[in-house]
Number of protein chains: 2
Amino acid sequence: MDDGTGSRTHPLRPDAPRRATPRTRPRGDQARARLLAAALQSFVDNGFHGTGTRDIAEAAGMSPAAVYVHYSSKEELLFALSLAGHQEALDLVAGADEPHRRPAQRLWSVVNAFCEWHAANHVNARLVQYELGSLTPEHAEMIAGVRRQISGTFRVILAEGAQAGVFRVHDLNLMVVALMSLSIDIARWYRSGGEWTPATIGRHHADIALSMVGADPETA
Amino acid sequence: MDDGTGSRTHPLRPDAPRRATPRTRPRGDQARARLLAAALQSFVDNGFHGTGTRDIAEAAGMSPAAVYVHYSSKEELLFALSLAGHQEALDLVAGADEPHRRPAQRLWSVVNAFCEWHAANHVNARLVQYELGSLTPEHAEMIAGVRRQISGTFRVILAEGAQAGVFRVHDLNLMVVALMSLSIDIARWYRSGGEWTPATIGRHHADIALSMVGADPETA
DNA sequence: CCTACCGATCGGTAGG
DNA sequence: CCTACCGATCGGTAGG
């Protein structure tokens with residue numbers, strides 16, 4: 001098909017078979033990726049309002065105006081990052097859940113995955129958890145939908161374990177937020193290169209999650 | 001000796017009328033209080049960088065320049081709020097701890113107080129937990145000292161319970177952050193007027209904290 | 001994707 | 001504690 005460089009202006013014939021169709025990786029995608037990476041780092045380091053579009057452009061190696069070739073506003077950049085991060089977290093949680101297994105195993109697996117993600121991807125996670133206030137109301141509502149799907153996964157597992165009598169849950173919704181706090185707050189305190197690896201934290205906190213609902217780890 | 005106001009320069013002289021000395025609550029204090037309240041709300045709603053000094057001044061009923069009569073910079077306002085909030089949280093935690101009681105009772109009491117504070121004072125708490133990045137390095141280091149005192153309170157209780165064999169703690173420092181996550185993350189999700197009161201959350205999460213360390217609530 | 005530029009607003013200060 | 005103002009920088013656009 002195409003070699004991916006896509007820089008030729010004059011292919012060999014006027015009917016130009018190659019140039020007539022989009023490349024698998026158009027050049028614009030690379031620029032967008034650079035912009036997203038630059039924006040993510042700067043939003044996390046300095047906050048959305050503390051980041052100038054010129055900071056982003058410079059870190060992506062473009063002129064200030066080039067940002068607007070790819071994104072119509074600074075908020076669109078934030079939204080793209082926030083949505084991608086939320087979707088990644090949701091996919092991970094949904095993929096970690098194994099509905100055919102017992103509640104304790106499901107809970108352990110989901111908390112383990114969610115915690116590990118927040119540690120390993122703590123830069124993304126920090127944007128995901130702490131920059132929602134700068135989204136437009138429309139975009140915030142779309143993100144809220146993804147967030148409801150994530151908390152719904154926790155809620156279903158807790159409800160099933162409580163009904164089966166293997167979880168002790170006095171207040172279902174309060175237990176959901178408590179379990180999610182354990183994971184989400186990792187984004188706030190985690191620093192890479194420290195005392196623990198993401199995998200260590202995931203296992204430790206998943207064990208703790210079982211304790212929180214009074215599940216016996218031995219019979220899980 | 002002294003009434004503590006420390007404002008009188010000539011207490012007994014008849015020609016020392018009241019108005020010659022500052023009032024017990026000098027007028028400047030009131031202006032500072034209005035500035036702090038305005039800055040707190042705006043910093044939490046829009047972030048430090050998203051807040052203009054003119055926003056603060058207007059909400060406090062002053063001209064833009066009047067802010068600098070009381071605080072030398074926008075960051076000084078943030079620091080004053082952050083330090084006061086941290087000190088309040090530390091005082092509360094230290095006051096809730098009762099060293100003569102058993103570890104489980106101490107842990108319950110401290111987690112209960114810390115959680116309740118984060119819910120009841122969630123506006124202050126949000127600034128305390130999420131606006132540290134905008135402090136100067138010097139101010140950040142001062143705040144870090146207060147934070148270490150708070151986490152130290154948790155650590156001491158956990159270590160004592162573990163040594164006494166009434167707490168199951170595999171990784172002391174990781175358990176400290178897990179317990180604090182439970183409390184601190186309340187600042188992120190709590191909304192007043194919702195499903196739970198601060199007292200309800202405090203009791204619920206304090207119970208959960210005991211579960212996390214494997215403490216038997218009955219024999220606490 | 002660039003240069004050049006728009007009006008608006010920023011944190012902070014002079015001078016009273 | 002005010003009016004008036006400083007230079008710098010902001011998000012975004014015109015025109016190519």
Side-chain angles (χ1 to χ4, degrees), chain A residues 5-9 19 22-23 25-43 45-82 131 133-139, chain B residues 22-23 25-43 45-82 131 133-139:
Chain A
T5 64
S7 54
R8 265 190 295 243
T9 45
R19 297 204 61 251
R23 300 155 191 88
R25 276 276 141 189
R27 135 191 305 163
D29 280 12
Q30 213 203 84
R32 266 186 290 275
R34 272 185 291 137
L35 281 170
L36 289 171
L40 172 62
Q41 196 63 58
S42 193
F43 287 160
D45 288 346
N46 308 115
F48 178 75
H49 291 294
T51 298
T53 55
R54 285 156 181 82
D55 302 331
I56 298 169
E58 190 181 4
M62 303 175 194
S63 76
V67 175
Y68 296 91
V69 173
H70 302 285
Y71 294 92
S72 63
S73 69
K74 192 173 72 159
E75 192 273 345
E76 282 285 352
L77 265 168
L78 175 64
F79 174 59
L81 288 165
S82 191
E131 294 292 343
S134 296
L135 293 166
T136 64
E138 293 75 22
H139 286 162
Chain B
R23 299 159 190 83
R25 275 277 142 189
R27 133 186 308 159
D29 280 11
Q30 215 203 80
R32 266 186 288 275
R34 272 184 292 136
L35 281 171
L36 288 171
L40 172 62
Q41 194 64 57
S42 194
F43 287 160
D45 289 346
N46 307 113
F48 178 75
H49 291 294
T51 297
T53 54
R54 285 156 181 83
D55 302 331
I56 298 170
E58 189 180 6
M62 304 175 193
S63 76
V67 173
Y68 295 91
V69 173
H70 302 284
Y71 294 92
S72 62
S73 70
K74 193 172 72 157
E75 192 271 348
E76 282 285 352
L77 264 167
L78 174 64
F79 174 60
L81 287 165
S82 191
E131 295 292 343
S134 296
L135 293 166
T136 64
E138 292 76 21
H139 287 161

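Small disclaimer: the values here were computed from a predicted structure and weren't measured. Each chain gets a letter, A, B and so on, in the order the sequences are listed, and its residues count up from 1.
Between B/H139 and B/F79, the two ring planes are parallel [angle under 30°; tilted spans 30° to 60°].
The CD1-C1' distance, from A/I56 to D/dG11, rounds to 11 Å in whole Å. Between B/E58 atom CD and C/dG11 atom C1' the separation is 17 Å, expressed in whole Å. Atom pair B/D29:CG and D/dC1:P shows a separation of 11 Å (rounding to whole Å applied).
Atom-to-atom distance recorded for B/D55:CG and B/S42:OG is 5.0 Å, nearest 0.5 angstrom.
Shown here for B/A38 and B/A60, the closest heavy-atom pair between the two residues is CB-N, 4.0 Å. Across every non-hydrogen atom of B/H70 and B/R32, the tightest pair is ND1-NH1, 3.5 Å. Of all heavy-atom pairs spanning B/L77 and B/V67, the tightest one is CD1-CG1, 4.0 Å. Shortest non-hydrogen contact noted between A/T53 and A/Y68 is CG2-OH, 3.2 Å. When all heavy atoms of A/L81 and A/L36 are compared, the closest pair comes out as CD2-O, 3.6 Å.
Inter-residue side-chain proximity for A/R34 and A/M62 is flagged as met; some heavy-atom pair is nearer than 4.5 Å. Put simply, the side chain of A/H49 does not reach to within 4.5 Å of the side chain of B/F48, judged on heavy atoms.
DNA chain D is contacted by A/A65, A/Y68, A/S73, A/K74 of residues 65-78 of chain A, taking any non-hydrogen atom closer than 4.0 Å. Scanning residues 45-55 of chain A for heavy-atom distances under 4.0 Å to DNA chain C yields A/R54.
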### Message
Could you spell out the base pairing of DNA chain D as a dot-bracket line? Use Watson-Crick and G-U wobble contacts where both distances are under 3.5 Å, [ ] for crossing pairs, | for partners on a different strand.
### Response
||||||||||||||||

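Looking only at distances, no side-chain donor or acceptor of B/K74 sits under 3.5 Å from a matching main-chain atom of B/A39.
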